[in-house]
Asker: 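Once you've had a glance at the structure underneath, I'll fire off some questions.
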Amino acid sequence: MIDFYFWTTPNGYKVLQFLEETGLEYRAIPVNIAKGEQFDPEFLKISPNNKIPAIVDHAPAQGDSPITVFESGAILLYLAEKTGQFIPSDLAGRHDVLQWLFWQMAGLGPMAGQNLHFTQYANEILPYAIDRYVAETSRLFRVLDNQLAGKDYITGDYSIADMAVYPWIAIHQNLGQNLNDYPNIERWLEHIANRPATMRAYQWKAGKKQATPVAA
Ligand SMILES: N[C@@H](CCC(=O)N[C@@H](CS)C(=O)NCC(=O)O)C(=O)O
């Protein structure tokens with residue numbers, strides 16, 4: 001059994017997609033970041049950076065002690081290695097997936113996060129910051145669109161790289177991006193949105209699973 005600490009944000013949905021794809025048994029534990037629950041001392045023992053997502057695997061592949069993992073990219077890699085799914089076993093394929101996973105973790109995620117902050121949450125309008133992060137988001141969308149030309153997935157088969165990237169692209173409107181400018185992304189997004197596991201993952205909304213899927 002895996003304890004999954006989450007909130008319904010892009011970084012939470014990444015891991016939900018993996019769990020739903022594989023059917024791994026999990027217990028979803030909402031951490032309401034709007035109420036500051038991420039600073040709860042018990043949660044900090046699992047996620048010292050006070051952010052969701054985090055997992056505790058009570059039945060790891062090695063040893064008897066539970067394994068705790070925080071950081072969504074590390075969690076996806078941990079789960080891919082645990083199950084042998086959604087990451088290729090050959091060296092070239094594995095590192096192709098990893099470089100795009102790291103691209104999301106170090107580029108798309110942080111830049112899109114700053115984009116959201118300055119366009120939607122900052123209590124001051126700062127045009128320089130807005131322009132910088134929206135432009136950087138556009139640059140990253142262009143990189144992804146180029147990568148997806150002629151492909152169904154970011155690399156080879158559907159992988160943890162696609163799962164990491166998808167939730168940040170799904171909020172493209174909030175990021176000031178128009179998918180008409182990125183036809184390869186648009187096709188890829190629709191394809192992944194229609195996966196049954198993606199639909200199940202997005203049924204989680206504000207910590208409660210609802211009867212009908214919630215659009216990304
Ligand atoms: N690099 C981290 C980022 C996680 C992250 O930013 N989580 C946000 C929600 S999407 C959070 O928990 N924020 C609470 C806070 O910053 O206090 C990851 O990918 O797991």
Side-chain angles (χ1 to χ4, degrees), residues 2-21 24 26-57 67-82 86-87 97-123 129 133-134 136-137 140-141 144 154 159-177 192 198 201-209 214-216:
I2 291 173
D3 287 342
F4 173 49
Y5 294 82
F6 82 115
W7 197 240
T8 48
T9 63
N11 291 314
Y13 283 124
K14 290 176 191 175
V15 179
L16 272 171
Q17 287 174 99
F18 190 100
L19 293 168
E20 290 293 342
E21 286 285 349
L24 275 172
Y26 69 95
R27 185 164 67 108
I29 304 168
V31 178
N32 188 336
I33 60 174
K35 288 191 178 159
E37 290 176 5
Q38 69 274 34
F39 299 104
D40 183 327
E42 286 306 306
F43 181 63
L44 291 176
K45 288 182 193 163
I46 296 161
S47 186
N49 196 35
N50 64 263
K51 290 181 192 288
I52 64 93
I55 61 164
V56 180
D57 182 0
I67 289 184
T68 293
V69 189
F70 67 96
E71 281 290 325
S72 59
I75 296 169
L76 287 172
L77 184 54
Y78 175 86
L79 294 175
E81 288 183 335
K82 177 182 173 75
F86 300 109
I87 191 163
V97 165
L98 289 182
Q99 68 188 350
W100 284 98
L101 177 64
F102 279 56
W103 175 83
Q104 190 289 315
M105 293 298 297
L108 180 66
M111 294 302 120
Q114 294 302 316
N115 174 329
L116 285 182
H117 176 81
F118 286 109
T119 58
Q120 294 179 40
Y121 301 117
N123 51 18
Y133 290 113
V134 173
E136 181 61 2
T137 306
L140 290 162
F141 269 57
L144 180 64
I154 296 174
S159 76
I160 54 174
D162 299 283
M163 293 179 206
V165 171
Y166 175 83
W168 286 100
I169 301 296
I171 58 165
H172 54 91
Q173 283 170 335
N174 292 345
L175 297 172
Q177 305 301 312
I192 296 180
T198 306
Y202 275 82
Q203 283 176 354
W204 289 96
K205 189 70 188 158
K208 288 196 178 137
K209 204 160 193 173
V214 177

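Order of listing sets the numbers, starting from 1, for every ligand and every atom in it. Treat the numbers as computed from the prediction; the structure is a model and nothing was measured. FYI, the numbering just counts along the sequence from 1.
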Asker: Hey, is Pro53 one of the residues with a heavy atom under 4.0 angstrom from ligand 1?
Answerer: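 Heavy atoms of Pro53 do come under 4.0 Å of ligand 1.
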Asker: Quick test: of every protein heavy atom, which one is nearest to atom 3 (C) of ligand 1, and how far off is it to 0.1 Å?
Answerer: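 In this structure, atom 3 (C) of ligand 1 has Asn11 ND2, 3.6 Å as its nearest protein heavy atom.
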Asker: Does the ring centre of Trp204 sit less than 6.0 Å away from the ring centre of Phe6?
Answerer: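 Aromatic pair counts; centres sit under 6.0 Å.
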Asker: Starting from atom 16 (O) of ligand 1, what is the nearest protein heavy atom, named by residue and atom, and what distance separates them?
Answerer: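 In this structure, atom 16 (O) of ligand 1 has Lys51 NZ, 2.6 Å as its nearest protein heavy atom.
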Asker: Considering only non-hydrogen protein atoms, determine which one is nearest to atom 20 (O) of ligand 1 and report residue, atom name and distance to 0.1 Å.
Answerer: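 Among all protein heavy atoms, the one nearest atom 20 (O) of ligand 1 is Ser72 N, 2.8 Å.
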Asker: What atoms of ligand 1 come closer than 4.0 angstrom to any heavy atom of Gln38?
Answerer: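 Taking each heavy atom of Gln38 in turn, ligand 1 has 14 (C), 15 (C), 17 (O) under 4.0 Å.
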Asker: Taking atom CZ of Phe39 as the centre, does the number of heavy atoms from other residues, nucleotides or ligands within less than 6.0 Å exceed 12?
Answerer: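 More than 12 heavy atoms, drawn from other residues, nucleotides or ligands, come within 6.0 Å of this atom.
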Asker: Counting only heavy atoms not in Gln173 (residues, nucleotides, ligands), do more than 12 fall under 6.0 Å from its CD?
Answerer: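 Result for CD/Gln173: open.
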Asker: For a side-chain hydrogen bond (donor to acceptor under 3.5 Å, both in side chains) check, start with the C-alpha distance between Glu20 and Tyr26, then their side-chain angles and the critical distance, and finish with the verdict.
Answerer: CA-CA 9 Å; Glu20 290 293 342; Tyr26 69 95; 2.5 Å; yes
Asker: Just heavy atoms, cut-off under 4.0 Å: does Ile75 contact ligand 1 by side chain, backbone, both, or neither?
Answerer: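 No part of Ile75 is near ligand 1 at this cut-off.
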Asker: So if I count the atoms of ligand 1 from 1 in the order they appear, which ones are less than 4.0 Å from some heavy atom of Glu71?
Answerer: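 Matching atoms, with element in brackets: 1 (N), 2 (C), 18 (C), 19 (O), 20 (O).
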Asker: Can you check whether Ser159's main-chain N or O pairs, donor with acceptor, with Asp162's side chain at less than 3.5 Å?
Answerer: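 Yes, Asp162 side chain to Ser159 backbone: donor-acceptor pair under 3.5 Å.
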Asker: Can you tell which part of Ile52 has a heavy atom less than 4.0 Å from ligand 1: side chain, backbone, both or neither?
Answerer: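 Within the 4.0 Å criterion, Ile52 contacts ligand 1 through backbone and side-chain atoms alike.
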Asker: Phe18 pairs by ring pair (Phe, Tyr, Trp, His ring centres under 6.0 Å) with which of Tyr13, Phe4, Phe86?
Answerer: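 With Phe18 as partner, ring pair (Phe, Tyr, Trp, His ring centres under 6.0 Å) holds for just one option, Phe86.
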Asker: Are the side chain of Asn32 and the backbone N or O of Ala34 linked by a donor-acceptor pair below 3.5 Å?
Answerer: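 Confirmed, Asn32 side chain pairs with Ala34 backbone.
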Asker: Within a distance under 4.0 Å of any heavy atom of Thr9, pick out the atoms of ligand 1 and give their elements.
Answerer: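 Listed by number with element, the hits are 9 (C), 10 (S).
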